[in-house]
Amino acid sequence: MLESQIAAVKSYLSQPKKIVIVVHKNPDGDAIGSGLGLKHFLQKQNHDVNLIVPNEYPKFLKWVPGNKDIVNYEWENGKSKGLIQTADLIFTLDFNHFSRTGAMQTDLEKASADFIMIDHHQQPDDYAKVTYSDVSMSSTCEMVYNFIEALDGLPAIDEAIASCLYTGIMTDTGSFKFASTTSRTHRVVADLIDKGAKNTLIHQSVFDSNSFSRLQLLGIALNNLTVNEDLRTAYTFLSQDELNKHSFSKGDTEGFVNYGLTLENVIFAVIFIENKDENIIKISFRSIGDFSVNEFARAHFNGGGHNNAAGGRSDDNLQKTIDKFVALLPQYKEQLTK
Ligand code: 5GP
Ligand code: MN
């Protein structure tokens with residue numbers, strides 16, 4: 001963070017404030033971990049803090065310390081709107097454009113509070129008084145650690161805060177293996193373990209909590225996999241029927257897209273997931289190396305994200321969406337095979 005940003009934040013936080021923290025729709029480990037980690041920290045500085053999520057998040061995050069106090073915008077709509085309207089200060093974490101919060105967008109646009117953004121996605125919007133944006137960061141959780149450090153707050157990191165931040169760094173780095181993982185990331189994580197994060201337990205809670213039906217659903221996704229060896233691409237899909245047959249619940253498909261990338265020589269992996277409630281196809285894109293799935297998702301599927309992990313959506317049906325994708329691939333031949 002810049003010195004001027006640190007000074008501005010210190011000034012905002014010099015008196016007890018009514019603070020709201022908001023994360024993106026379909027919150028993941030980094031959103032929940034950074035949101036709750038920052039909430040615990042700010043509460044220790046005597047602020048009144050609420051974390052609002054736009055909608056439900058996966059079961060494998062329900063153990064994260066402070067989980068019970070999260071306000072769900074869909075289920076507690078009046079309360080959420082009231083909190084946003086009366087907030088002095090709003091932190092937006094792990095996203096950089098109001099549209100990423102779904103139906104909350106209009107409430108955020110109307111809010112009179114000043115905003116502070118902490119985020120590691122590309123192309124931040126300019127709604128915040130303090131924009132701490134760094135696309136080189138492994139995770140928003142690593143940035144919240146930096147933020148706390150900038151406020152001379154590291155001694156305040158207790159087991160709860162450490163567990164929250166560890167969770168998001170772990171999930172956003174694919175368990176410390178993605179290219180965004182640096183020696184600094186490992187140093188931060190080491191400090192979080194020293195401060196009480198129970199690393200083995202956190203890995204088990206997040207990754208070893210599968211239901212039988214989720215594993216069966218993974219089987220379907222693997223069975224649906226198509227590999228284009230020439231273009232080093234693997235893609236798969238799950239229809240709403242397939243999801244229903246395996247008692248799909250939020251978060252069940254998390255990580256499925258990564259299996260395509262474990263194939264030797266494949267550098268681009270995609271999963272298309274039908275959502276008949278919202279009448280869209282949700283798409284996840286992953287890559288290894290220089291091929292930017294952020295640019296691909298932005299250009300063709302109304303999405304975005306990071307160079308190696310991005311999301312998008314399509315209003316066409318499942319088959320049409322996949323056909324469109326397959327037809328686009330040849331024009332990327334040079335980038336995919338260089
Ligand atoms: P996932 O595929 O896990 O949903 O998302 C991968 C990454 O892309 C995440 O960092 C997420 O924030 C971002 N992302 C997912 N969906 C969208 C989208 O519709 N628009 C934008 N701009 N980013 C997205
Ligand atoms: Mn993130």
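Just so you know, these numbers come straight off a predicted model, no measurement behind them. Counting starts at 1 for both ligands and their atoms, in listed order.
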Which atom of [X] lies closest to which atom of [Y], heavy atoms considered:
| X | Y | answer |
| --- | --- | --- |
| N67 | L36 | N-CD1, 3.8 Å |
| A297 | G304 | CB-N, 3.8 Å |
| H24 | A31 | NE2-CB, 3.6 Å |

| field | Under-2.8 Å protein N/O/S neighbours of the Mn ion (ligand 2), ordered by chain then residue number | value |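 Less than 2.8 Å away from the Mn ion (ligand 2) sit D30 OD2, D94 OD1, H120 NE2, D172 OD2.
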
No-hydrogen, no-angle side-chain donor-acceptor test under 3.5 Å, [X] and [Y]:
| X | Y | answer |
| --- | --- | --- |
| D119 | N96 | yes |
| E76 | S80 | no |
| Q240 | N244 | yes |

| In terms of atom number and element, which parts of ligand 1 are under 4.0 angstrom from non-hydrogen atoms of G305? |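 Taking each heavy atom of G305 in turn, ligand 1 has 8 (O), 13 (C), 23 (N) under 4.0 Å.
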
| task | Any atoms of ligand 1 less than 4.0 Å from a non-hydrogen atom of S284? List them with their elements. | result | 1 (P), 2 (O), 4 (O)

| query | Roughly how far apart are L261 CG and I288 CD1, rounded to 0.5 Å? | reply | 4.5 Å

| task | Starting at OG1 of T185, measure out to CE of M170 and round the result to the nearest 0.5 Å. | result |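 With rounding to 0.5 Å, OG1 (T185) is 14.5 Å from CE (M170).
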
| request: Verify whether the ring centers belonging to Y132 and F147 lie closer than 6.0 Å. | output: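 So the answer is no for these two rings.
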
Please report whether ligand 1 has a polar contact with [X], defined as an N or O pair separated by less than 3.5 Å (distance criterion only).
| X | answer |
| --- | --- |
| D94 | no |
| G311 | yes |
| R286 | yes |

| field | Y332, Y235, F291 screened by ring pair (Phe, Tyr, Trp, His ring centres under 6.0 Å) with F268, the one that passes | value |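 For F268, the ring pair (Phe, Tyr, Trp, His ring centres under 6.0 Å) check succeeds only for F291.
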
Do me a favour and list the nearest non-hydrogen protein atom to [atom] with residue, atom name and distance?
| atom | value |
| --- | --- |
| atom 24 (C) of ligand 1 | G304 O, 3.2 Å |
| atom 7 (C) of ligand 1 | A309 O, 3.6 Å |
| atom 4 (O) of ligand 1 | K282 NZ, 3.4 Å |

Report the part of [X] in contact with ligand 1, treating N, CA, C, O as backbone and CB onward as side chain, heavy atoms under 4.0 Å; options are side chain, backbone, both, neither.
| X | answer |
| --- | --- |
| H121 | side chain |
| R100 | side chain |
| H306 | side chain |

| SB check E278 K25 (cutoff 4.0 Å) | yes

